[in-house]
Amino acid sequence: MTTAAESATSLVQSVDWLAIAPPLTAAAVALVVLVADLFVTEARKPLLGHGAVAGLVAALALIIPLHDGDRSTFCLTTGSHACSYTADHFTLVIQALVLGGALLTALLSLGDTRKLPAGEFWFLLLSSAAGAALLPASRDLATLVVALEVASLPAFALVGIKRGDRRSSEAALKFFLSSVTATAVMLLGVSFVYAATGTLHLTDLAGRLGHVDPGLSTLAGAGVALTLVGFAFKTAAAPFHFWVPDTYVGAPLPIAAYLSVVGKAVGFTGLILVTVIAFPAYADVWGPALAVLAALTMTVGNVAALRQNASRARSAVRLLAWSSVAQAGYLLVPIAAAAYAGERRIGSTVAYALMYAVVNFGAFAVAALVARTRPGNRLDDYRGLYATRPLAALALAFFLLCLAGLPPGIIGLFAKVTVFSAAVDAGLGWLAVVMAVNVVVALYYYLRWTAALFRAPADGEEAAPAVRHRVPAPLTAAIVLTAAAGVALSGAPQTVLRFAAVNLF
């Protein structure tokens, strides 16, 4: 009897509530907003958005007490003592990125939810943010997949939330089908890995995959490959990127910005966790595979961006969509390099992701500003923007130059240098050459768009109009915050290099 009591006691564990506070706060506020929507009158619906913003600020603030990065919870009480939730430095940086991205999305959305169901919109955004914040802390495959789906499922609904809009419905359906396919492939891979090793915890997998029974080695290898294919869909890596342009175009503009940054961060975080922590025994497989995917992704994205017609409706959003595909290729480079030169290369991916998040959100924020008077959002609509909205034009020019890696966007240049050096140091010279070529190719469409901002309109064309009505303060705040962050980072580029060298695990 005593033995049974001791055994039961050993299964009981305390929960570190502070460690799980950031995603838990976002989830709790999501439920509060959903319930409050039932009792709030139509005139007071904007209060729901302000409540969502306050909840995201609170979730971000709760990361600060965790800055030591050494807390874990939901741990096994016997055996390896592996944990399912770990708030290390990698977790905290990614949580700050995704919750900050969700906050910027909320600011972009505050003035544009009049035609959308407010309660559902804010509930879905907060729920997705909660899943995105949970994912970097996940240290077993089950929690990882659940967090990924909690982040993804609300995003499907957000893409298609514009009721009666055919383009929005088509985008949501395409996004849903591709993501469900990726999840099915990933779950099949996870089941194979579990069958071969008998564990789901990432740290335990790292040891057991190196000593799999020879009769199960093929099963384990297939499981690793299928899991990586599933994450390749989530990261929009070519050839699994086909859903990106139509989804971004059909979604509300703030949600397109959210998917381009937070959705991508979620996919890359999961990919980093399974490759670097769980599957190092198969580095000779996933390293070359990710290197090839990186080269293919950046090439496909840049070539497609070059082909955008400036007079086509929503061509500005399409160009940003294809640009995000190309940027995904750059983000894959340090992960591939980690297979050859160790996990310290992951710092380069995270540093690049932080730079990309700031400037890409800024570009989408200016696009949202232009869309208020030019709903078509063509590239031609930006011609002469400096004459009517000089500050917005300067901000967009800065964001585009950062993405291109040109001064004065020093932060973009240094971020690309860190990624390039990661490839060279890992002995992937051919990948560094492919990246260099792609960076030069991308200069054309980034500079073409930047130059258009300062050109006079052609004969018979009307200049990009000034905004004749008051611009919502939250939209202005989003542009100012991203521009200020980009300028601050460009003023201290060594921070990027230093951060890229930090061991996050």
Side-chain angles (χ1 to χ4, degrees), residues 82 90 139-141 144 182 185-186 188-235 237-240 267-299 328-350 352 418-435 500 503-505:
F90 175 79
R139 291 300 183 271
D140 70 68
L141 290 177
L144 192 64
V185 172
M186 188 187 311
L188 182 61
V190 168
S191 66
F192 285 177
V193 170
Y194 178 71
T197 61
T199 184
L200 290 174
H201 286 88
L202 303 185
T203 51
D204 288 349
L205 281 170
R208 297 191 189 185
L209 280 173
H211 304 88
V212 174
D213 184 277
L216 298 175
S217 59
T218 301
L219 184 68
V224 170
L226 291 174
T227 303
L228 295 179
V229 168
F231 277 107
F233 271 98
K234 300 294 185 181
T235 57
F240 312 111
F268 276 100
T269 299
L271 186 62
I272 289 170
L273 290 175
V274 296
T275 53
V276 175
I277 296 182
F279 301 157
Y282 282 81
D284 59 333
V285 175
W286 57 258
L290 291 182
V292 172
L293 279 180
L296 181 62
T297 302
M298 64 179 74
T299 303
Y330 304 145
L331 287 164
L332 281 169
V333 172
I335 306 177
Y340 302 89
E343 65 185 32
R344 294 182 68 88
R345 300 301 168 195
I346 296 303
S348 298
T349 286
V350 178
Y352 195 96
T418 62
V419 172
F420 188 85
S421 62
V424 172
D425 293 344
L428 296 172
W430 67 269
L431 183 56
V433 171
V434 172
M435 179 182 172
N503 188 0
L504 294 173
F505 296 106

Item checked: Gap separating the CG atom of L431 from the CZ atom of F420, nearest 0.5 angstrom -> 9.5 Å
Next item on the list: Test side-chain contact (heavy atoms from CB on, under 4.5 Å) on D140 and T199 and set out the steps.
Entry: CA-CA 9 Å; D140 70 68; T199 184; over 6 Å; no
Next item on the list: Drop me the distance from D204's CG to L209's CG, to the nearest 0.5 angstrom.
Entry: 10.5 Å
Note to self: Ignoring hydrogens, what is the shortest heavy-atom contact between G230 and V185? Give both atom names and the distance.
What the structure shows: N-CG1, 4.3 Å
Note to self: Give me the atom names and distance for the closest heavy-atom approach of P239 to L293.
What the structure shows: CD-CD2, 4.1 Å
Next item on the list: Check the pair L271 / L332 against side-chain contact (heavy atoms from CB on, under 4.5 Å), numbers first and verdict last.
Entry: CA-CA 9 Å; L271 186 62; L332 281 169; 3.6 Å; yes
Note to self: Minimum heavy-atom separation for L219 and A196, please, with both atom names.
What the structure shows: CD2-N, 4.3 Å
Checklist line | Audit row: V285, V224, side-chain contact (heavy atoms from CB on, under 4.5 Å) steps and yes/no | finding: CA-CA 9 Å; V285 175; V224 170; 5.6 Å; no
Check: Quick one: does T297's side chain have a donor or acceptor within less than 3.5 Å of a partner on A294's backbone?
Finding: no
Next item on the list: Taking all non-hydrogen atoms of both residues into account, name the closest pair between A195 and L216 and its distance.
Entry: O-CD1, 4.2 Å
Checklist line | Flag, side chain of T349 to backbone of L331, donor-acceptor distance under 3.5 Å | finding: yes
Notebook entry, point to check: Do L205 and I277 touch side chain to side chain, with heavy atoms closer than 4.5 Å?
Noted result: no
Next item on the list: Supply the atom-to-atom distance M435 CE to L428 CG, rounded to the nearest 0.5 angstrom.
Entry: 12.5 Å
Next item on the list: Nearest 0.5 Å please: distance from the CG atom of L273 over to the CZ atom of F231.
Entry: 7.5 Å
Next item on the list: Evaluate side-chain contact (heavy atoms from CB on, under 4.5 Å) for I346 paired with I335, printing each intermediate quantity in order.
Entry: CA-CA 6 Å; I346 296 303; I335 306 177; 4.3 Å; yes
Note to self: Under a 3.5 Å distance rule, please check whether W286 uses its side chain to pair with a backbone N or O of F279 as donor and acceptor.
What the structure shows: yes
Notebook entry, point to check: How about F240 and V229: do any of their side-chain heavy atoms sit closer than 4.5 Å?
Noted result: yes
Item checked: T203 side chain near R139 side chain, heavy-atom distance below 4.5 Å -> no
Check: Once you round to the nearest 0.5 Å, how far does CG of L226 lie from CG of L188?
Finding: 5.0 Å
Margin query: On a heavy-atom basis, which atom in T235 and which in A328 lie closest, and how many Å separate them?
Written below: O-CB, 3.7 Å
Next item on the list: First locate atom CG of L144, then atom CG of L200, and finally report the distance between them rounded to the nearest 0.5 Å.
Entry: 10.5 Å
Note to self: Angle between ring planes, Y330 versus Y352, binned at 30° and 60°: parallel, tilted or perpendicular?
What the structure shows: perpendicular
Item checked: Nearest heavy-atom neighbours spanning K234 and G267 -> CB-CA, 4.1 Å
Next item on the list: Check the surroundings of atom OH in Y340: do more than 12 heavy atoms from other residues, nucleotides or ligands lie under 6.0 Å from it?
Entry: yes
